[in-house]
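Numbered from 1 within each chain, the chains take letters A, B, ... in sequence-line order.
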2 protein chains.
Amino acid sequence: MSKKQLIMESALELFAKQGFEATSVQQITDHAGISKGAFYLSFKSKDELIIALIDHFMMQFTSDIDWVVKNSNNDTELLYDFYNAAFASFQKHSDFAKIFIKEQSQTPNEELISKMRHYDKLTDKIILSMIDRLYGEEARKVKYDLIYCIKGFIHVYSHLFLFFNLPFDLDSLCRSLAQKTNVLAKHSTIPFITEELFQTFTTEQSYEEVTAEQLIELLGQTIEEIEEPIEKESLTLLKQQLIEPSLSPAIVKGLLENIRNHPHCKWVSYLLRGYFGF
Amino acid sequence: MSKKQLIMESALELFAKQGFEATSVQQITDHAGISKGAFYLSFKSKDELIIALIDHFMMQFTSDIDWVVKNSNNDTELLYDFYNAAFASFQKHSDFAKIFIKEQSQTPNEELISKMRHYDKLTDKIILSMIDRLYGEEARKVKYDLIYCIKGFIHVYSHLFLFFNLPFDLDSLCRSLAQKTNVLAKHSTIPFITEELFQTFTTEQSYEEVTAEQLIELLGQTIEEIEEPIEKESLTLLKQQLIEPSLSPAIVKGLLENIRNHPHCKWVSYLLRGYFGF
DNA sequence: TATACTAATGACTGGTTGGTCATTTGTCAA
DNA sequence: TTGACAAATGACCAACCAGTCATTAGTATA
């Protein structure tokens, strides 16, 4: 494990327990068994660390739920699958999820806030595409409210998960929430969040389209990071495809599938899916 | 205004802007125009201050929504009135609400966490009584889920309120949420939170019944605090009634009504309503 | 073995924190 | 005017903080 990862894992644990502000760099390095100076070889500052953590997790979360929404071919199970992916992600990275819930928009760190907003907007976009697909015109008036209801459900129920150590029936939870969401979509008629209001929340451009050059750069970095041969070759071929397209869509899709579940590839896989139009 | 209140108001503003940990006692006293030493004449520590703030606001919030639920005689408007009271309270004390959302269960301060849990349980109780009244047997299976849905709605929508400075149509919001709640109550059938599960969340005894002695003590304090003659006399008569009952229920109810809206009486009024059974 | 290099250390700095307390200021009654 | 008491002050303290940097340890090449 790289020193950077070691630090991130130690910090994750302590932040989840004590919060970001209340955890000192000294505590993190003690816990990781390294010196304080070594910390600053990996991160320029404590702020850079929390941002790296946010990025690391949110990239996975975003790409996970995006994949579920884009690749489910069974509309009746889509909501269930969506909630399942979201809660599975929270459960798997429960330390991060705790930080995420605690540290929401509360820090004076400008960059962190804008990071959070950014991922929040991506989540909105994914949820919206799911609603559009499931209900289309039927939910035109209330679709923005539905986004917020879904986020509210996830918030309160993930609280139970995270802060009570009880064995939960994830299947039951997801079935329950899928029905609730469906009921709201079918029967609620009074919107609060209008298209116009929703736009004002998301004024700044979100989800900037990435260029091929940026993707090639990112792919180059990722190729260096990982060792598994299949993933490494898939990434290399995809990089080649960006420089000079020669592969058929089926092959590209297959290559994307190869890397989809590798923790270090989730984000680049998400971006590539957007780029290639899958 | 007492020194204690002055400090609390200054702190409220700064905590909302910067968070609790990031605000120093020096900043608070500078902002309040007093010396640092004077702070410690009013509060034993910085922690005691945040707890006083939580108490001050949550007592008002709890008693406000309790009053609405207990005193609405129009079932069709009850949900609307409930949301209205809740959001009005958040809007009126937006600085506090920001702190509340930010500081939720994230501090290492044990007492604060248990305070939060305590008020959370009271809120659950009030919401549950509302659901029971509106839907009774009809929502027996899903009533605990409804509590969490309602809390989820309040959470996400209050976020919009608090962190975007936009003019909101409170009426529209409450109508929208009342309908959503009603739709869920009428059509959702798959519960996640069973009675048993709900009980385990709320194991410790909540809402300890207060004794007449405690109420008399509290009334004595409150009488000292306020100056308005009507409220003062009402409190004095109610205190007398506790020591030696002599007034008719109608008169007692009227006296309670007199003090209901005074900020310093809300909590004692809530407790008295419970005690006298209104 | 000698050299050149990077990785890692932890004492240190300048600054801030929550909290204390000897001292001063203000306010009464005598 | 005096004296007694409470209210208020702010310099001060030990503890801790994020971040630095001269020094050392480890490693690979020649």
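Although no hydrogens or angles enter the test, the distance criterion places a donor-acceptor pair under 3.5 Å between the side chain of B:K232 and the main chain of B:I223. Of the possible donor and acceptor atoms, one in the side chain of B:S234 sits under 3.5 Å from a partner among the backbone N and O of B:I230. Although no hydrogens or angles enter the test, the distance criterion places a donor-acceptor pair under 3.5 Å between the side chain of A:S63 and the main chain of A:Q60. Not one N or O on the side chain of A:Q27 forms a donor-acceptor pair closer than 3.5 Å with the backbone of A:T23.
Distance NZ (A:K44) to P (D:dT20): 11 Å, rounded to an integer number of Å. As rounded to whole Å, 18 Å separates atom P of D:dC12 from atom OH of B:Y40. As rounded to whole Å, 11 Å separates atom C1' of C:dT16 from atom NZ of B:K46. Distance, A:K4 NZ to C:dA8 C1': 17 Å, rounded to whole Å. Spacing between atom CD1 of B:I28 and atom P of C:dT17 amounts to 11 Å, rounded to whole angstrom units. At whole-Å resolution of the value, CZ in A:F43 and C1' in D:dA18 are 15 Å apart. Protein atom CG of A:D30 is 10 Å distant from nucleotide atom P of C:dG10, rounded to whole Å. Between the C1' atom of C:dT16 and the CD atom of A:E21 lies a distance of 13 Å, rounded to the nearest Å.
Taking the six-membered ring wherever Trp is involved, the centroid distance between the rings of A:F87 and A:F161 falls below 6.0 Å.
Listed pair A:S24 / D:dC17 meets the phosphate criterion, a side-chain N or O lying under 4.0 Å from OP1 or OP2.
Across all strands shown, B:T23 has heavy atoms under 4.0 Å from sugar-phosphate atoms exclusively, and none from any base.
In this structure, A:K36 forms no cation-pi arrangement with A:F39, as its terminal cationic atom is not both closer than 6.0 Å to the ring centre and no more than 45° off the ring axis.
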Enumerate the protein-to-nucleotides 5-9 of chain D contacts in which both atoms are nitrogen or oxygen and the separation is below 3.5 Å.
unit_1 : atom_1 : unit_2 : atom_2 : d
D:dA8  : OP1    : B:K3   : NZ     : 3.2
D:dT9  : OP2    : B:S35  : N      : 3.0
D:dT9  : OP2    : B:S35  : OG     : 2.9
D:dT9  : O5'    : B:S35  : OG     : 3.2

